[in-house]
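Order of the sequence lines sets the chain letters (A, B, ...), proteins ahead of strands, with each chain counted from 1.
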Number of protein chains: 2
Amino acid sequence: MTTEAAIIHSPIWRSPITSADRVLHEIQRAIVAGDIAAGSKISEPELARRFDVSRAPLREALARLERCHLIERTPNAGSRVVTLSTAGLQALYQIREELEGLACRLAATNMDEHEIEQLRQLLDQHLTSQRVREGESYYQEAGDLDFHYRIIMGSKNPYLINMLCDELYFLVRMYRVQLGMNGPRVSRAFDEHKAIINAIANRDGELADLLMRRHIAASRGNIESKLQQLGK
Amino acid sequence: MTTEAAIIHSPIWRSPITSADRVLHEIQRAIVAGDIAAGSKISEPELARRFDVSRAPLREALARLERCHLIERTPNAGSRVVTLSTAGLQALYQIREELEGLACRLAATNMDEHEIEQLRQLLDQHLTSQRVREGESYYQEAGDLDFHYRIIMGSKNPYLINMLCDELYFLVRMYRVQLGMNGPRVSRAFDEHKAIINAIANRDGELADLLMRRHIAASRGNIESKLQQLGK
DNA sequence: TTTAGTTTAATTGTCGACAATAAAATTGAT
DNA sequence: ATCAATTTTATTGTCGACAATTAAACTAAA
């Protein structure tokens, strides 16, 4: 999957050379996957031992985990992993709709032909790999996220890229992964993606914006129903 | 001025109990004011001595300064204060338009009558204090920012509040302060503010959104002309 | 004189220990 | 037995020193 490649950029990620980066990477993965339970308290000494680092780089990592809304820190009290809720999901997706809509509008004018072509190719290979393994659509997940990443990059707006990819998307992934969002929306999402690409290729930013908002709203609806289906 | 009060909230600010918070506060002020020059390199040992703290809380502060886009860090290389540019201003204000537009739409449905009344009062006292001291409109600056803060808070969306107030607004203030944005747009801004409040009071989110976008676009135009007027 | 390579110096990243604060446990009183 | 106050424990925040990396200075060769 190419998701990993798409994630690499700017402040939060750089290349995991430093040990703070490494431990950040691992904890992010653990929280998103639910290995560190949502709502659980975080013990600095414990995590430091667990990932075999001192508290200094660990705290650096915690600072950045707070930045991408995966934990909440209160001074002199400690950190907690965030909890997933309907209200939180709605607040998150309100922003996402708005910012990714903007990303589409900007991408429609700022992406060059080559980038658009690459986006098309991504969608194609995405389609074939999905047809091959119909049930196991973790790859679909990754492919979908990759699609969104590309468009966000295509906006060429550094602040927008930073906010969406570094600060919001981990939480989005956390909702999707922990609620088992892998199922039936696959083929419909393909069509929506295709339509968005066409709009961008036609340099119709307004339309791409509108389609992206609908696409995200639909995605939110899905997660929302799953959320209240599982209580809370 | 009430700006200080409006700033206090959520992750970045809490109450400056810890020394990392204190030094963050001071450095933010220094960078926004230009006391630490834009584009200059940051020396951790030097700043640590200057603000009389160890490097540990200083680095905590640097992490949060990166978060609000006032410095840029590269691993093993150090930190630089950001530089102001037309491209950066445009990218920043693209986001601002979008998010504050959203804030207006949300505020139109989420602010209660009391909050709207307070907003009206703010504008009035803002008007009188401006008529008193026509030339020195630093207070106007603060008043304007306060106006925007209130609406953002009125959206009741925690992510939106965090992004705008904690991550974007320091940079906005940096542009305004360092380019001496205090002058002639005062009375026009009043009318625009008034119109936005009316739209919100009428629960007309669409209109408030539109007006806010125009208001911010006008503000950007002002700063933009000043920027290229001073070279670069 | 310029450029490449090497050495030196300075800066950043990390560590372990201590201080200050908050949570937990214990004690005492009603 | 319950609640309040106090002691104890544990956790977070801070410090100074060391290790690793990078940038600067210097030397030497073309």
Charged N to carboxylate O under 4.0 angstrom, R64(A) versus D166(A)?
no

Side-chain N or O of R55(A) closer than 4.0 Å to phosphate OP1/OP2 of dT12(D):
no

Please enumerate all residues that pass ring-ring contact (aromatic ring centres under 6.0 Å, His included) together with Y169(A), with sequence neighbours excluded.
Y149(A)

Round to a whole Å and report the spacing from CD of E46(B) to C1' of dT12(C).
15 Å

note: D21(A), atom CG; dT12(C), atom P; distance rounded to Å ~ 16 Å

Would the distance check show the side chain of Q178(B) and the main-chain N or O of A37(B) forming a donor-acceptor pair, the cut-off being under 3.5 Å?
no

Please pick, from dC15(D), dT12(C), dT14(C), the nucleotide with the shortest atom-to-atom distance to any side-chain atom of P57(B).
dC15(D)

Would one find a side-chain N or O of R59(A) under 4.0 angstrom from OP1 or OP2 of dT12(D)?
no

Counting the atoms with a prime plus P, OP1 and OP2 as sugar-phosphate, which does I42(A) contact under 4.0 Å by heavy atoms, base, sugar-phosphate, or nothing?
sugar-phosphate

Would you mind telling me which of dC15(C), dT11(D), dT22(D) lies closest to the side-chain atoms of N76(B)?
dT22(D)

So, OP1 or OP2 of dT14(C): does either fall under 4.0 Å of a side-chain N or O from T18(A)?
yes

Proximal nucleotide (of dG13(D), dG13(C), dC15(C)) relative to the R73(A) side chain
dG13(D)

From C-beta outward on E44(A), which listed nucleotide comes closest to its side chain: dG16(C), dG13(D), dT12(C)?
dG13(D)

Within this structure, what is the CZ-to-C1' distance between R64(B) and dG13(D), rounded to whole angstrom?
12 Å

Choosing from dC15(C), dC15(D), dT12(D), which nucleotide comes nearest the side chain of V53(B)?
dC15(D)

What is the separation between atom CG on L58(B) and atom C1' on dT12(C), rounded to the nearest whole Å?
12 Å

Does some side-chain heavy atom of E46(B) sit less than 4.5 Å from a side-chain heavy atom of R49(B)?
yes

Output the single nucleotide from dT14(D), dT12(C), dT14(C) whose closest atom is nearest the side chain of S19(A).
dT14(C)

Inspect the contact between R213(B) and E100(B) and indicate whether a charged nitrogen and a carboxylate oxygen are less than 4.0 angstrom apart.
no

Measure the distance from CD on E60(B) to C1' on dT12(D) and round it to the nearest whole Å.
11 Å

If you only use heavy atoms from C-beta on, which nucleotide in dA23(C), dG16(C), dT14(D) is closest to the side chain of A77(A)?
dA23(C)

Nearest of dG13(D), dT12(C), dG16(C) to any side-chain atom of K41(B)?
dT12(C)

E66(B) CD to dT12(C) C1': how many Å, rounded?
14 Å

